Amino acid sequence: MTKNFKGIAASNGVAIAKAYLLVDPDLSFEKTTVTNVAAEQARVDDALKASSDDVKLIKAKATESLGAAEAEVFEAHLMVLADPEMSGAIKQKIEDDKVNAEQAVKEVTDMYISMFDAMTDNEYMQERAADIRDVTKRILSHLLNISLPNPALIDEEVVLVSKDLTPSDTAQLDRQFVKGILTDLGGRTAHASIMARTLEIPAVVGSEKATVEVSSGDLVIVDGLTGDVIVNPDADTLATYQKKAADYFAQRAEWAKLKDEKSVSADGKEFIVGANIGAPKDMQAVLDNGSEGVGLYRTEFLYMESDHLPTEDEQFEAYKSVVEQMGDKPVTVRTMDIGGDKHLDYWKLPEEENPFLGYRAIRISLDQTDIFRTQLRALIRASAFGNLWIMFPMIATLSEFRAAKKIYLEEREKLEKAGVATGEVKLGIMIEIPAAAILADKFAKEVDFFSIGTNDLIAYTMAADRGNDRVAYLYQPYNPSILRLINTVISAAHKEGKFVAMCGEMAGDPVAVPLLVGMGLDEFSMSAPSVLQTRSLMKKLNTADMKVLAEKALDVETNDEVIELVKEATK
């Protein structure tokens, strides 16, 4: 039977494939008494070996897609599976209590988990408890002959269906096989959605019912352009969406012809359309899509993909690689933005009730200046190899910017005195806190540039957690309050002759682009696959007309009214 429902369009394109449910299966069982102890112990041995084979394969896949450091977690899983003390205790439990293998595994592993969880002052042991939980689930799955889903092991074309996807889940996806993503939870600005766009995998998120309405093997259509989902479509519907998918593919081919052209409006005004990256490995997509700069280099991924704080030389090589590849085109590097929902296993931050409003980004850098100075030295050294701009995230006050700039100047002076080659660097800030947006006229006198981070700016302005589905309706990028803040920032920057960019998701939003052109935004930075589509759209826009449109949008009352204005003006 055909089913239709909607979610949030999170990554462009149309996917048609069988559903692969990435949800934990039911691993419940009943405790039974056994008479053949040896046979039950042999089942344990078989399950341990099968689990070990699984983990070795997953580790190999993770090493290929994420890197050796991220894949090391699976080495801990292999050690648990090979631990003779644990396997011996399970077999002894079977012999002593005459219980089935499933019950023995659960009782023994529960004992270990409880023991390690109780060691609250020993972080290493608590991590071992998490490892044992994962391993237990895998052992039970083999004992019960139930397959555990794993995105790294997919080997046929599928639409991945899940409650939610973590960034690490998404990073393991193979574009050759994963043709679409469909989730119950999430929003357009969630990290998994951003990564789906980077991987160019069509995605619909926040559907609320995907894992209930879809079964493994169902044929699913995911329309990442509109948010529509069709399960087991009839022949006519299938043909319609096959044509839509082909049309979108053809449209992308047309956009590709703009790769080497400038981003220019219909009346000849030039803009910069750049790309956001998380690591040097993302640069191929930046170059393939003709990006005119890197508008956001999220350096926290250097920290997140390592098992230690990256050294100065490790960071220098990463930054140098990117600026060299971009030549004279600008590369805007955001200093470490750890905190909020970005955690490091090897560097524990204090637990907070409101981490997004707490100890994160520049607040950590100004508190733990040794880490900040290491990053700044690496950046200053890399500036000798290209056009490097540095911006500080989560700036709320002028004193924060001044303190960060002072540390930057101190490290630059030390390097120059030591004879280290350096290049010219522009210093700017992310505008993502309303306090900074409102005070943009004062900041503009001291910074070289602004970059507006709309993902957090919208969340903070609307007082709505962007990861909370219950308040997802408040993610309103076109709300006049948001547009007025953006316009205030652009006007303040231009009054002082300063450059203003945008690196949030709004920069590549087809509804927002006409408004931002009308406001005079200088640079639009987005996921690399969106660059050519945005360049194509700009060629159809007259800046004088868009200025009139923006003025009208600033004067209406609701998000929906703005959308209607843009549709009318650009049809």
Side-chain angles (χ1 to χ4, degrees), residues 272 295-296 330 332-337 339-340 356-367 369 372 376 379 388-413 424-463 477 479-504 506-507 512 515-516 518-525 547 550-551 553-555:
I272 293 176
L296 171 62
T332 302
V333 180
R334 179 173 71 189
T335 58
M336 180 190 70
D337 186 10
F356 284 96
L357 301 179
Y359 189 60
R360 61 173 289 204
I362 198 64
R363 300 165 186 183
I364 296 176
S365 296
L366 294 178
D367 182 50
T369 55
F372 190 39
L376 289 175
L379 286 167
L388 182 70
W389 299 20
I390 298 174
M391 66 176 169
F392 306 122
M394 285 292 290
I395 293 288
T397 68
L398 274 162
S399 61
E400 287 176 323
F401 172 70
R402 290 166 181 163
K405 182 177 180 179
K406 180 174 181 291
I407 294 170
Y408 162 82
L409 292 173
E410 289 171 354
E411 294 307 316
R412 186 178 183 93
E413 183 180 8
E424 185 178 340
V425 174
K426 292 185 184 294
L427 285 186
I429 64 170
M430 289 269 289
I431 298 284
E432 50 194 334
I433 296 177
I438 293 168
L439 210 61
D441 59 326
K442 303 299 183 185
F443 277 102
K445 297 179 187 298
E446 302 194 27
V447 305
D448 293 323
F449 68 94
F450 291 138
S451 185
I452 305 171
T454 51
N455 300 353
D456 278 338
L457 182 63
I458 294 167
Y460 291 138
T461 302
M462 305 300 287
N479 187 292
S481 63
I482 303 297
L483 299 181
R484 289 184 184 190
L485 281 176
I486 292 169
N487 191 58
T488 294
V489 173
I490 295 172
S491 297
H494 289 173
K495 187 176 180 181
E496 297 294 332
K498 303 295 175 64
F499 185 92
V500 56
M502 179 178 288
C503 59
M506 193 172 169
L515 298 167
L516 298 171
M519 293 181 196
L521 185 71
D522 298 306
E523 178 181 278
F524 300 67
S525 190
K547 184 176 181 180
E551 288 171 351
L554 292 168
D555 197 41

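Atoms considered below: every heavy atom in the structure, side chains included; atoms not considered: hydrogens, waters and symmetry mates. Please read all numbers here as calculations on a predicted model, not as lab measurements.
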Side-chain touch E523/F499, heavy atoms, less than 4.5 angstrom:
yes

Min side-chain heavy-atom separation R363-E400 under 4.5 Å:
yes

N-O pairing of D456 and R360 below 4.0 Å:
yes

Is the side chain of E432 donor-acceptor paired with the backbone N or O of M394 at a distance under 3.5 Å, no angle test?
yes

Looking only at heavy atoms, which two atoms of M519 and N487 are closest? And how far apart?
CG-OD1, 3.7 Å

Please answer whether the main-chain N or O of F449 pairs with a side-chain N or O of K498 as donor and acceptor at a distance below 3.5 Å.
no

Side chains of S365 and M336 in contact at under 4.5 Å (non-hydrogen atoms):
yes

So do the side chains of Y408 and L427 get within less than 4.5 Å of each other, counting heavy atoms only?
yes

Beyond-backbone contact of V447 with K405, side-chain heavy atoms, under 4.5 angstrom
no

Pairwise side-chain contact, L388 with T332, heavy-atom cut-off 4.5 Å (strictly under):
no

Would you find a donor on one side and an acceptor on the other, under 3.5 Å apart, between the side chain of S525 and the backbone of C503?
no

Closest non-hydrogen atom pair between D448 and K426, with its separation
OD2-CA, 3.3 Å

Between the main-chain N or O of F392 and the side-chain N or O of R334, is there a donor-acceptor pair closer than 3.5 Å?
no

How long is the straight-line distance from CD1 of I429 back to CD of E446, given to the nearest 0.5 Å?
9.5 Å

Side chain of D522, backbone of V500: donor and acceptor closer than 3.5 Å?
yes

Can you give me the closest heavy-atom contact between F450 and A440, atom names plus distance?
CZ-O, 3.5 Å

